[in-house]
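This structure is a prediction, so every number in the text was calculated from the model and none was measured.
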Amino acid sequence: MRDEDIGAALLGWYDTHARVLPWRVGPADRARGVRPDPYRVWLSEIMLQQTTVAAVRDYFHRFTARWPNVAALATARDEDVMAEWAGLGYYARARNLLKCARAVVSDHGGRFPETRDGLLTLPGIGPYTAAAIASIAFDEAATVVDGNVERVTARLFAVETPLPGAKAELTALAARLTPRERPGDHAQAMMDLGATICTPRIPTCGICPLRAFCKGQAEGVATDLPRKTPKAAKPTRYGIAYLGRRADGAVLLERRPERGLLGGMLGWPGTDWTGAEPAPAPPAEANWREVPGEVRHTFTHFHLVLRVETALLPVGANPQRGHFVPGTEFRADDLPTVMRKVHDLASLPATGD
DNA sequence: GATCCGTGGGG
DNA sequence: TCCCCAAGGAT
């Protein structure tokens, strides 16, 4: 078996089975020589970091409708971008998205660098994303390694080394497969294969275009690969969120610090989230009342249980923390999911249970 | 290299 | 219910 045979089989499959996605150039346009728009490739790749295609779709449409090119995005207000990103998670991506757009405009004449190394210098663009943009948008034979490629490669070559330690080994194997011709299609084919056939749990090896080449399949271990070192259990933290309203409909919100969890996003003032019973920390003097029930939410590395308290604040109130947002400007969808859950619990009609 | 950083869907 | 995990990057 030659690596070239594997690449040819993969591209043959891709030409007939490629998924239609909003940020891809369709076969008809591609045959006409149309190249993908680097802005759309970049935006989609940032959104797709650790995020499923299904979750990204609507966000991609909203972003490109509102900001059709990198120049438009570069002039957007921070709070508008953060609000548009709300619910998609990993909010550092949105902060770096803006930094990157502004750097492209101010340092690169409004055009994305056309090489992997050039792209790597931009905020929010790491090894994966740089290689993906360089190959898809600019036809550079860069090796693209994401979770799909790691899985496909580990199975194809029956690599038993567990992740994340196997990363360098898998990257070297993926590099062997990367062709000079159509490297972008090759990369997308690897990822499509991993997303639709060579899936984590129950791969459908029976219809895999690479079955004849797959060492993991031959040895009967494909489904068990890649091996992974076990993860630590998630602890549970507890906190109190304070949802203050004024009679005129304004709500008391707080912009979170740029760094850290939910950085740069709006949220309800609250206590720290700790492993023990939280010490009350209301943002203003008021008759705070506990809302029945609780909010449960799981972040990447801990579970959170939140108690919610509400109060009607006087129109002349001068809270120690946060700022009032007029009811006409407030939209719960602009908040990260855990904060939206707090709003939903507090807004629920009392059911008596 | 190890940690931190969201969310929703699937088994 | 619980765990896994998805087109990762920054520190």
Item to complete: Check step by step if salt bridge (charged side-chain N to carboxylate O under 4.0 Å, His left out) holds for A:R256 and A:E254.
Response: CA-CA 6 Å; A:R256 298 174 63 86; A:E254 187 175 53; over 6 Å; no
In whole Å, I'd like the distance from the [atom1] atom of [X] to the [atom2] atom of [N].
| X | N | atom1 | atom2 | result |
| --- | --- | --- | --- | --- |
| A:F302 | C:dC3 | CZ | C1' | 18 Å |
| A:N96 | C:dT11 | CG | P | 8 Å |
| A:K167 | B:dA2 | NZ | P | 14 Å |
| A:I125 | C:dA10 | CD1 | C1' | 14 Å |
| A:R116 | C:dG9 | CZ | C1' | 14 Å |
| A:E258 | C:dG9 | CD | P | 20 Å |
| A:Y128 | C:dA10 | OH | P | 14 Å |
| A:E45 | C:dA6 | CD | C1' | 13 Å |

What I want to find out is whether [X] reaches [Y] closely enough, with some N-O distance under 4.0 Å, to be called a salt bridge.
| X | Y | value |
| --- | --- | --- |
| A:K228 | A:E150 | no |
| A:D37 | A:R40 | no |
| A:D15 | A:R182 | yes |
| A:D344 | A:K341 | no |

What does [X] touch in the nucleic acid at a heavy-atom separation under 4.0 angstrom: a base, only the sugar-phosphate, or nothing?
| X | value |
| --- | --- |
| A:R296 | nothing |
| A:R57 | nothing |
| A:L21 | base |

Using OP1 and OP2 only, check whether a side-chain N or O of [X] sits under 4.0 Å from [N].
| X | N | value |
| --- | --- | --- |
| A:R259 | C:dT11 | yes |
| A:K231 | C:dC5 | yes |
| A:H301 | B:dT3 | no |

Worksheet, complete the sentence: Each nucleotide of nucleotides 6-11 of chain B classed B (base within 4.0 Å of a protein heavy atom), S (only sugar-phosphate) or -, in 5' to 3' order, makes BBS-BS
Worksheet item: Between A:H297 and A:F299, is the ring centre distance below 6.0 Å?
Response: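 Judged by ring-centre distance (under 6.0 Å), A:H297 and A:F299 do meet the cut-off.
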Discussion item. I need the minimum non-hydrogen distance between A:F324 and A:A317, along with the two atoms involved.
Written reply: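 The answer is CE1-O, 4.0 Å.
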Practice prompt. With P as the reference atom in both, quote the distance from C:dG9 to B:dG8 in angstrom, rounded to an integer.
Written response: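 My reading of the P atoms in C:dG9 and B:dG8 gives 22 Å.
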Discussion item. By nearest heavy atom, map A:T129 and A:H303 onto DNA chain C; which one lands nearer the 5' end?
Written reply: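 Closest to the 5' end, via its nearest nucleotide, is A:H303.
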